[in-house]
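Chain letters run A, B, ... following the sequence lines, proteins first, then strands; residues in each count from 1. Values reported hereafter were calculated over all heavy atoms of this structure, with side chains retained and with hydrogens, waters and symmetry mates removed.
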Amino acid sequence: MSAKDPNRRDLLRVLGASVGAGVGATAGLAASAGEAAAAPARTRRWGMVIDLDRCTLCSSCTVACKQENNVPVVGPDDEHVGAQIEWLSILWQEPEQPGGLPQGMPFPCQHCADAPCVKVCPVGATYKNDEGITMQIWDRCIGCRYCMVACPYGRRSFNWETPRWDGTQIQMLNPDVATRTGGVVEKCTFCYQRVRRVRERAALEGREIEDEEVRRLPACAAACPAEAIVFGDLADPESRVSELARDPRRFQLLDYLGTDPSVIYLKRDRR
Amino acid sequence: MHAELRPELRPELRRVSPIWYLMVLVAAIAVGVGLYCYSVQLARGDIATGLRNPGNGGAAWGFYIVFYVYFVGVSFAGITVASLARVFHIDTLKPVTRLAELLTIVALGVGAMMVLADLGRPLDGLLKLPALARPSSPFYGTFTLVVSGYLFSSLVFFVLAGRYDAAAMAQTGPPLLRPLYRLWGAGFRDDDVAHTRHWRSSFVLAMTIMPLLIVAHSTLGFIFGIQAGRPGWFSALQAPAFVVMAGVSGTGALIVLAAIVRRLFRLEDRIPIAALRWLGNFLWVLAAVYLYFMIVEELTSTYAAPRADRRIAHEVVGGSFAISFWLTVGSLGLAFLIPFVMYLRRLTSVAWLVVAALLANVAAVLKRLLIVVPSQTHGGHLQLREGLYTPTWVEIGVVLGAAGLLVLGILLFGRIFPLVPTPVPEARRHAAVPREPLRVLATVTCALIAAGLIAFGLSDSFRMWSGDELDPRVPFSPAIFATGVILLFSSAIVYETFPARRRRATPRRVIRPPRARIHRVDVRAQLRSSRDPRVRRKS
Amino acid sequence: MKPPRPRSMSRRAAVAGLTGAAGAGVVGCRRGWTPPEADPTGRALAKPHVAGAEAYATHEERWFHSACGQCPAGCGIRVRVIEGRAVRIEGDRDNPLNRGGIGARGLAALQGLYDADRLTGPRRRAGGRLVPVSWDEALDEVAAALTALRAAGTPERLLVWCGHERGLTHELFARLARAFGTPSFVDGRPAHSGTLARVMEETLGVAELPVWGWEGAAQVLSLEAGLLEGSCQAVYFTRMAAQRRRGARTRAHLVHAGPAFDLSAYNADQWLRIAPGTSGALALGLARLILERHPERRELPETLVAGAGALREVVAAYTPARVTALTGINARDLVRLAEELDDHRPSFAYVDEQSLAFSNGADTARAAMALNAVLGAFWAEAGGVRAAPPSPLPPWPEPELDAVAVAGLARPGHDGALAAIEAAPPAVALFHHANPAYARPQPARWREALAAIPLVVSFSPYRDETVEAVADLVLPDHTFLERWELATPAPALDRAILTRRVPVVAPLHDTRPSGDVVLALARRVGGAVATALPWPTFREATEARLAGLDERGQAHAGFWLGAEPAPAPARVTVRPGYEPPTWVGDPARFPLRLLLHRPLGHAEGSGANLPWLRMLAPMPGAAPWSFVARVHPESAPGVRDGAEVALTSELGSIRIRVRLDERVQAGYVVVPLGGGHDAFGRWARGFGANAMDLIGAGPLCATRVRIERGGA
Amino acid sequence: MSASRRPVSPERARGRGLGLVCAFGLAGACATPAAAPPQPLPFDHALHATVELDDGPLGCTTCHAGAERGVRAGLPALSTCLSCHMRPQGDPPSSEEARVRELAASGVPLRWIQVTRNPGHVYFSHGAHVARAGMACAECHGEVTTWTEPPTVPLRHLTSMDACLACHRARGAPTDCVTCHQ
């Protein structure tokens, strides 16, 4: 659990003061927990910059995402309309004013710094990890779908039925990602399995993760022929992703909601 | 016991109307249908419902949540009526208090089932919610406060209030059920001290329950009201509106229930029209408040509202939800008008009152549908795909089954226990209660332990002791919190059922000389009589 | 027992060396024993059992460099293979075509490999149904039929039809046809045999798509092209579109003239809505405007473009007013575009097969080339238009033909026209990567025509329409991830490129690479045919073919890159002209005109059975899994958005959902290709409608249709 | 070899409530299989553990190549066996060795049946535990080097999330969910 959530921590302190009686009895427990916690070397915030001026909507990212993350195929029949599982799809926004440009954009989970889905999860199946990724632990999810209705971006998908892989299709599953069962919510993880792989390799080699090796790390970024998707550490001002995020064309989706997404878009630029 | 009462006021199980059998049959069939539909849902997965991903053109929450909110709303009436009756000494309402509490309990149970029906993995939910629930999720309040606190306080209220009759029924009731009555009425002595104690404890309970009730129903409103990402939900009005709407539907349901029960159980003489009239007045007041809320809501969401809010308002008032919306407005208007006119004209027609009450419930269901669904299907801040939500027969069947269960529970209970409490004369509630330090100590201890559990359970639920980890430090903290809440209310049971010290020397102010039968009613004394020399001596 | 010490051996080295030999294979059967992992949690939240994984449990992970075979682009790929299962495809960052990027089609290759509806072995039609047959029997049967043809002295009655696959297998089929003696060899490679290739042959002397100088272009005008969707090099173009906008110092402008709002229009800096089929007029009008800007300058290098001076006279007729009338593009835009094209050199006008899918396709291509000549785009230094580089492989020595073959080749053959096949059905037809029973205009008639052929052999790995409806024998090919192949990608770079595909997994089923099958057939037929195809296996044929490879290139894993750009030709021939497109059908009865386009997931017709491609929106902004005809609201009065309608032409009728779209030229209906399969696996069957039912032989977009509400 | 022939039972007292709740799948620990898995070779760990090669003793990671730095330890492919057993390695040559060469000749790969597996939603990196944390194989797998037959039940002491977490807390290893969940 992230310790960086100031609002919640403040709330806790206030509540903690009012709780009173129970505190004394359990203070010892808290102290012992505190000792064991190890400080991370450096606080990362993984983020993504999607340059819409580069993006051509070729949709490779959406397919790469499905391939990497064992996202099940949900059929086209009427029953499955709206049951599609989309970690990353193309968001299409018609112009608000007549004569404006329509805008399409690769649309992964925004990994909000202040994520509405995380707040509402009753069991902690979804949470912000130390590196700013909104994770979903499939096994813990009870399927209440609260996170889905809380997410302003609609970037969470429910397994309306247990996914099936027909015949030999099962052989192409990525062994690094667990398949999900029916009745759980799933979402983009920034390809955490790949991040983990890179981190372990770096740790085994006794070095820090380099920006170079993560720029095209997530499956969507790796597949993008236009190199429109760049991944990296937003907390590191030197990283490519931070550099791009300083571009004046930057915008975040629904920034007025105060969610502070870690996915930063760069506006399309047309004559 | 009860001999002092007029015969018609004694607790008894009356012969039921033949319609009772028909209704039980219908309700049982409904339950069967519900079970079948739910098994279909379990087998096929949630694809069997009409729910789909919001943003993909669907609604992730639909009928189940609508009826969950509805059932919990219905439960409002019971405990409110009981508390009001106690706190403000409204004797008119006394005959319907038990009915009201029963409605609360059954409706809450059924509501909890609706949540389970909604969960993608119900078994995981049953296990994980008590273990891991997080207070930052408005669901926490739902699962702990509503289910444990609200349900259990009602239960405690219900059980304590019923002891008087249970003790009596242990003597006169059907022999087969007497063990149940004896258990329920265990430790009850029909002396004025006991009545006085109950009178006091019920006041404390009632005073505790009323704020809890507001909190619990507000929690329900917060589930929707604090979601900034859902235009149409995000509103400070949500919590108070939920409380009021709960009142509307709950009062309506209680009116319908009382009217039906009067007929079915031939209780016309025990449930006076006056009680119904009182409820009718309560209904129009609440309906008027809610109508006001609706006007405020519509005004806010149409007058210079942001795009998304306006889109929803447009869709609700004139789009695909228009029929539901205008039905809601009409129903609610009539639910206000009918009892209001009756109030002005000083008339009371049970039939019209039932019509108004039914309309109030129709409005309650539809309004919840209008709250839950359009924000998901049409409420995107972004231009996500829009769609429609239509419940499938599976969902309708499950909800039907839940409603059947509600009816069945009440009908069956009516066959085994008197639905109208035996009135206790005012005078008997004001006896001098002897000082019993042990009883007070036990009660206070229980309450303190409860407070400790609540404090720890809540703080650990907040992960205050978890360091940087996600889980509570102690497993099942939310359950501990809920246990604390339950225990807190149980201290009332401790207070009332703590075995009385019977010392000869203690003078008791007794209005009527105790009879031998009273001691027979004292089950605990009876049980003990074989070994307690004092008791033997006494008899 | 004390084990003896092994003699000197560095075990790590040995392990490392030998691990490579560990191949994949079949799954071991486990009798009477429940593996402990069968249900470790009692819940499904686990990796499903993967055939092979528990049987080997070596967790061996390998990355293979190969080349994509999903479309003619031939991007470099890396395939992640774990325990013999291909689990991931990524782009090869070394490959100059895609530089690590990869298209949706390439990614979906895994679904093609592991398609649950693949043919698991050879089949023969018996009693109307396809039943399993052994490879030997099947090959004997084909060989017997072939031998009989040669014995009867009628080798021309063999029809060999190869689809879009470019590579050695194609060459082997062609060689087989030649040595066998049949002139009926249908080359289905659009890059070699389409309208543009033919025009390029007359313009530049190379019958291939030209190479476009994206890397240096400052302005590109796309003339109704399917630039980023249906083109042969969509990944390369996507990369270039992005790089020219953001990667380079100067920002290039892309102007797209097209009749409907598609990906190219979305991506263009400016989208000009043009009347379909009139971009030839636009090109000539622009040429005139540009020439007018330079009355004094001899703009065109006469040395390169002979007769360029005469261009002025030809284009003089295309005044802005006339071009506006023809194309619907207003004169102001026209003038501005001409100025920009002229000012932002290097610039060029881009056309592809989609631009030329009209009756006047060849003229449009010629007009575009005239505009390019005016723009000085041919062999312009930084970015221009060039002929495709020659193949780095030397031409194969002509096979020795025997008398039968010589006689057969002299007789008239089939060029793939339906009427000719109906009139004189071949005796044997071989279809490799071709599915005429679905993909050719009038599929129903095709089925009847093919049914009249005594022996139809399909090499498709999938149960497509030709397999299901007409094939008498099916000799399923491997998918490209299971076999060797040597292929030249569709032209994109000015350097020759040769890709080598390798088998990354062991064959899943009892299929055989068609190259091997061709060689086996040749052996069985014997005689001169066997002599012409002497290699025992396809692998050896590839080695033999590679032996003559130009030595100046650089070899990489998975591809070979030629050294020097193609030389400028002696001359460029420009023959500008314009004819308005013609439309078949009575305008009174069929008021609308049908435009067909290849959507993103079409993948040359091979995408329909791959759900990942199927679900891609056929146009920007569409929902997944949508298959809709788009029409301007004014052109379909009374039709509700999203309603199912009947589209009817003189030749047929289809039912399709319609989307009213104001971004479509009024008077036209835009229908994607690739729907309406009645075979080809579970994802293709019954999805959408096949517009081929509506059109006749000839250009793709030349048919009039009408919309009727509520279906036919 | 006198040590126990039975593998160490991985059945351990389960975790407390939390372990139960997050029930982690006691991968196979719940039930002992009725029959031993039909492994292709009756591999003798004890015997191989005594082998000395030129560059040191034959360690676990010689055959379980990923155990030291990889994510999964892996079971050896036939080629691994053949790297030594290409030449006869015993006097007299054992029947197992004959079988290895028989398999090699027939081209049939070794079809080990993996007994120890993680639940699908668990990510366990051997490299992180062995190379980084410096744990020995036996800490989790028991004294494998004393067995003369292939294991029949999973070789694992860790049967609940609590057990994982306890060690992670004790050693200050990360307890972020995604450290171990996938």
Side-chain angles (χ1 to χ4, degrees), chain A residues 51 53-64 66-68 70 73-77 80-81 84 86 89-90 92-94 101-102 104 138-139 162-163 165-182 184 216 219 222-228 266 269-271, chain C residues 43-53 82 85-91 98-104 107-108 110-111 113-118 228 234-236 238-239 241-243 245-247 253 263 266-267 269-270 508 600 611-617 620-621 624-625 682-683 687:
Chain A
D51 188 341
D53 205 26
R54 280 180 161 270
C55 174
T56 67
L57 297 192
C58 75
S59 302
S60 290
C61 47
T62 67
V63 177
K66 291 182 205 303
Q67 185 179 84
E68 170 73 22
N70 300 336
V73 171
V74 177
D77 48 314
H80 292 93
V81 169
Q84 301 297 324
E86 291 177 344
S89 61
I90 302 292
W92 185 256
Q93 300 288 283
E94 288 292 338
L101 277 175
W138 330 119
D139 190 38
T162 299
W165 280 270
D166 300 327
T168 42
Q169 292 267 311
I170 204 164
Q171 295 196 30
M172 62 192 257
L173 292 180
N174 181 358
D176 296 344
V177 180
T179 53
R180 282 72 65 185
T181 178
V184 301
R216 295 182 77 177
C224 182
E227 296 180 43
L266 304 183
D269 191 5
R270 292 288 184 275
R271 267 191 308 163
Chain C
R43 284 170 295 167
L45 249 175
K47 269 171 281 191
H49 284 277
V50 173
I82 291 178
R85 298 170 290 122
V87 300
R88 175 115 180 87
I89 296 182
E90 286 191 2
N98 54 318
R99 292 274 176 230
I102 182 162
L107 289 162
L110 280 191
Q111 271 185 334
L113 169 64
Y114 292 116
D115 183 10
D117 296 319
R118 272 182 66 178
L228 300 169
V235 171
Y236 175 73
T238 297
R239 192 163 76 78
Q243 189 192 311
R245 276 209 290 268
R246 274 284 149 198
H253 286 149
L263 265 195
Y266 168 79
N267 277 294
D269 290 283
Q270 192 186 5
L508 256 64
L600 204 52
W612 283 340
L613 295 184
R614 240 317 164 226
M615 67 171 72
L616 293 181
W625 296 107
R682 64 195 69 183
W683 298 105
F687 184 81

Pair count under 4.5 Å, heavy atoms only, with chain C: among A:Gly104, A:Pro76, A:Cys61, highest is A:Pro76
Under 4.5 Å to a heavy atom of chain C? For A:Cys58 that would be both
Contacts of type side chain to side chain donor-acceptor pair (under 3.5 Å), residue C:Arg245, not counting sequence neighbours: C:Asn267
Please state whether the side chain, the backbone, both or neither of A:Ala223 comes within less than 4.5 Å of a heavy atom of chain C. both
A:Val63 versus C:Ala108, closest heavy-atom pair with distance: CG1-N, 4.3 Å
Would you say the side-chain atoms of C:Thr238 pair up with the backbone N or O of A:Ala226, donor to acceptor, closer than 3.5 Å? no
Calculate, to the nearest 0.5 Å, the distance between atoms CG and CG belonging to A:Asn174 and C:Leu110 respectively. 10.5 Å
Segment of C:Ile89 engaging chain A (4.5 angstrom heavy-atom cut-off): both
Just how far is it from atom NZ of A:Lys66 to atom CG of C:Leu107, taken to the nearest 0.5 Å? 11.5 Å
If you count heavy-atom pairs under 4.5 Å with chain A, which of C:Pro624, C:Ala234, C:Gly100, C:Pro611 comes out on top? C:Gly100
Heavy-atom contact with chain A under 4.5 Å, split by part of C:Arg682: side chain
Side chain from CB out, backbone as N, CA, C, O: work out which of these in C:Leu508 comes under 4.5 Å of a heavy atom of chain A, or both, or neither. side chain
Roughly how far, to the nearest 0.5 Å, is CD of A:Gln169 from CG of C:Asp117? 8.5 Å
Contact summary for A:Ser60 and C:Ile102, nearest pair of heavy atoms: OG-O, 2.6 Å
Chain C contact via A:Val81 - which portion, at a heavy-atom distance below 4.5 Å: neither
Heavy-atom cut-off 4.5 Å, strictly under: side chain, backbone, both or neither for A:Glu227 against chain C? side chain
Of the listed A:Pro163, A:Ala219, A:Ser89, the one with the largest count of heavy-atom pairs under 4.5 Å with chain C is A:Ala219
Just give me the residue among C:Gly91, C:Ala617, C:Gly103 that pairs up with chain A most often, heavy atom to heavy atom, under 4.5 Å. C:Gly103
Interchain contact, C:Glu90 with chain A, by part (heavy-atom threshold 4.5 Å): side chain
Among residues at least two apart in sequence or on other chains, which ones pass ring-ring contact (aromatic ring centres under 6.0 Å, His included) with C:Trp683? C:Trp625
Rounded to the nearest 0.5 Å, how far apart are CG of C:Leu600 and CG of A:Leu57? 9.0 Å
Please determine, among A:Gln84, A:Arg216, A:Glu68, the option with the most heavy-atom pairs under 4.5 Å with chain C. A:Arg216
Heavy-atom pair count under 4.5 Å with chain A, highest-scoring of C:Leu613, C:Leu263, C:Leu616, C:Asn98: C:Leu263
Residue part contacting chain A, namely of C:Ala241, when any heavy atom lies under 4.5 Å: side chain
Euclidean distance, A:Thr62 OG1 relative to C:Trp612 CH2, rounded to 0.5 Å: 10.0 Å
Heavy-atom distance under 4.5 Å to chain A: side chain of C:Phe687, backbone, both or neither? side chain
Which distance, rounded to the nearest 0.5 Å, do you find between the CZ of C:Arg246 and the CG of A:Asp51? 6.0 Å
For A:Met172 against C:Gln111, the heavy-atom pair lying closest together: CE-CG, 3.6 Å
Measuring heavy-atom distances to chain C, does A:Glu86 have an atom under 4.5 Å in its side chain, in its backbone, in both, or in neither? side chain
